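Below is one structure, written out as structure tokens, with a few remarks after it.
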There are 2 protein chains.
Amino acid sequence: MLSKKTKYALHALTYLGKHREEKTVLIHDIAEEHGISHKFLENILLELKKAGMLGSKKGKGGGYYLIKDPKEIPLSKVIRLLDGPIALLPCVSLNYYEPCSECKDEATCGINKVMIQVRDETLKILENKTLEDILKT
Amino acid sequence: MLSKKTKYALHALTYLGKHREEKTVLIHDIAEEHGISHKFLENILLELKKAGMLGSKKGKGGGYYLIKDPKEIPLSKVIRLLDGPIALLPCVSLNYYEPCSECKDEATCGINKVMIQVRDETLKILENKTLEDILKT
DNA sequence: ATAAAGTCTATAAAAAAGATAGGGTTTATA
DNA sequence: TATAAACCCTATCTTTTTTATAGACTTTAT
């Protein structure tokens, strides 16, 4: 399951996507709309900004705005950023690889082999579903 | 990512699958093979047994054994048992449904709609990969 | 100047995961 | 029939992760 961080990020991105004609959107408005903590959301938006999905304007009259086309924001990117690996095991993660301690030999481990296949197929899904898909429904 | 519980369960099932000619296998042997806690594994094997994947024999000379054909044990079943939902959000879980508090109206929520699609496609993968796939590699 | 709004870092609280403990029950076998 | 081996069951403790909060700082419009 996705963490609340990722879930909130998706809601925030959706909100920003729906308000693209406005110059900026306040954290406060997004938080209120979904009944989530302003301060918690603040950290999340900051991460999305650092990852290049959002822009911001400081000071009075400031706020956040999308700086990417929604179809350029795949779910895989949001999930990886806030939740970490998409792979089911560390030993098959492309972005967060770590060996599995209980596995004697990765090269001959059947679990490893199958999880690589699962990862590749899962990635196909999550790289193809984008913010645009969320916005257009 | 899978929890250690699920990971250990997969290792145990694999071990049992590889020792099907033997009548029973000791918890101890599985735990030692993978360097994991005997007592922790004990609880996991018990759950797998209650779920109908394993049989056991008590008393001296006892142990565990597979009571299903490996191709009848899909990853989805193991994951759901030890880790819970496969869906990315509670509001789209088939087996563990719960509404999302930050979502005003599920019926019109784009995130919900997309996550249903992701769930269905993920399920196709995890229902089709079975213990047999792990054993045969 | 002032107030509004994002930036940043640290810490606290809550929940979940991982691990351990120990007594109970069953069964083969000497 | 006593004993040791092995699974059964439940409770509790520890650690890690997640979620949430706090507060000081910086920037900017008016």
Side-chain angles (χ1 to χ4, degrees), chain A residues 1-9 11-12 16 22-32 34-51 53-67 79 81-85 88-90 96 98 100-102, chain B residues 1-9 11-12 16 22-32 34-51 53-67 79 81-85 88-90 96 98 100-102:
Chain A
M1 301 268 276
L2 298 179
S3 67
K4 290 199 173 182
K5 252 185 168 172
T6 300
K7 226 201 300 191
Y8 294 169
H11 279 291
L16 288 163
E22 293 156 45
K23 265 200 214 77
T24 64
V25 169
L26 298 183
I27 297 175
H28 178 264
D29 290 349
I30 303 173
E32 194 163 69
H34 296 286
I36 60 189
S37 151
H38 173 112
K39 282 303 233 175
F40 194 40
L41 185 59
E42 196 174 282
N43 292 323
I44 295 166
L45 292 179
L46 216 38
E47 285 199 70
L48 291 171
K49 185 194 167 183
K50 285 177 183 165
M53 296 180 221
L54 304 183
S56 68
K57 191 167 178 304
K58 285 186 187 175
K60 192 170 180 181
Y64 282 98
Y65 49 92
L66 263 189
I67 54 173
I79 295 174
L81 180 68
L82 283 321
D83 265 8
L88 294 181
L89 295 179
Y96 301 84
E98 271 183 60
C100 287
S101 65
E102 69 284 355
Chain B
M1 300 270 275
L2 298 178
S3 68
K4 290 199 174 181
K5 254 186 166 169
T6 300
K7 228 200 299 190
Y8 294 168
H11 279 290
L16 287 162
E22 292 156 45
K23 263 201 214 78
T24 63
V25 168
L26 298 183
I27 298 175
H28 179 263
D29 291 350
I30 303 173
E32 194 164 69
H34 296 287
I36 60 188
S37 152
H38 174 111
K39 283 303 234 174
F40 195 38
L41 185 58
E42 196 173 283
N43 291 324
I44 294 166
L45 292 180
L46 217 36
E47 285 198 71
L48 291 171
K49 185 195 166 181
K50 284 177 185 167
M53 296 180 221
L54 304 183
S56 68
K57 191 167 179 303
K58 284 185 187 176
K60 193 170 180 180
Y64 282 98
Y65 49 92
L66 264 189
I67 54 174
I79 294 174
L81 181 68
L82 283 319
D83 265 8
L88 293 181
L89 296 178
Y96 301 84
E98 271 184 60
C100 288
S101 65
E102 70 284 355

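Note that this is a predicted model, so its numbers are computed, not measured. First the proteins, then the strands, lettered A, B, ... as listed; each starts at 1.
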### Message
Could you tell me if the side chain of A:Thr6 sits less than 4.5 Å from the side chain of B:Leu88, heavy atoms only?
### Response
no
### Task
Rounded off to whole Å, could you give me the NZ-to-P distance for the B:Lys23 and C:dT27 pair?
16 Å
### Query
Roughly how many Å is it from CD in A:Glu47 to P in C:dT7, rounded to a whole number?
13 Å
### Message
Going by salt bridge (Lys or Arg N to Asp or Glu O under 4.0 Å), name the residues that satisfy it together with B:Glu47, two or more places apart in sequence or in a different chain.
### Response
B:Lys5
### Task
Quick one: list whatever passes side-chain contact (heavy atoms from CB on, under 4.5 Å) with B:Leu26, sequence neighbours left out.
B:His28, B:Asp29
### Message
Strictly under 4.0 angstrom, non-hydrogen atoms only: write out the protein contact profile of nucleotides 18-26 of chain C, one letter per nucleotide from the 5' end, B, S or -.
### Response
SBBBBB--B
### Task
Using a 4.0 Å heavy-atom cut-off across all strands, classify B:Lys7 as base, sugar-phosphate, or nothing.
nothing
### Positional range of nucleotides in DNA chain D within the contact set of chain A, heavy-atom, under 4.0 Å
D:dT19 to D:dA29
### Query
Sub-3.5 Å donor-acceptor pair from the side chain of B:Ser3 to the main-chain atoms of B:Asp83, do we have one?
no
### Query
Can you name the side-chain hydrogen bond (donor to acceptor under 3.5 Å, both in side chains) partners of A:Lys49, sequence neighbours left out?
A:Ser56
### Query
Do A:Pro85 and A:Pro90 come within less than 4.5 Å of each other through their side chains, counting heavy atoms only?
no
### Contacts of type salt bridge (Lys or Arg N to Asp or Glu O under 4.0 Å), residue B:Glu102, not counting sequence neighbours
A:Lys7
### Query
Given atom CG of A:Leu46 and atom P of C:dA5, what is their separation to the nearest angstrom?
17 Å
### Message
Using whole Å, what does the distance between atom C1' of nucleotide C:dA17 and atom CG of B:Leu82 come to?
### Response
12 Å
### Message
For a quick check of understanding: with a heavy-atom distance under 4.0 Å over all strands, which category does B:Leu45 fall into, base, sugar-phosphate or nothing?
### Response
nothing
### Message
Side-chain N or O of A:Lys50 versus OP1/OP2 of C:dT7: is the shortest distance under 4.0 Å?
### Response
no
Could you list the donor-acceptor pairs under 3.5 angstrom formed between side-chain atoms of residues 36-45 of chain B and any protein atom two or more places apart in sequence or on another chain?
{"residue": "B:Ser37", "atom": "OG", "partner": "B:Lys39", "partner atom": "N", "Å": "3.4"}
{"residue": "B:Ser37", "atom": "OG", "partner": "B:Phe40", "partner atom": "N", "Å": "3.1"}
{"residue": "B:His38", "atom": "NE2", "partner": "B:Glu42", "partner atom": "OE1", "Å": "3.4"}
{"residue": "B:Lys39", "atom": "NZ", "partner": "B:Glu42", "partner atom": "OE2", "Å": "3.4"}

### Query
Residues two or more places apart in sequence or in another chain: which of them pass side-chain contact (heavy atoms from CB on, under 4.5 Å) with B:Ser101?
none
### Task
Let me know, please, whether A:His38 or B:Ile27 comes out on the 5' side of the other along DNA chain D by nearest nucleotide.
B:Ile27
### Summary
Atom CD1 of B:Ile44 and atom P of C:dA17 are separated, to the nearest Å, by 13 Å
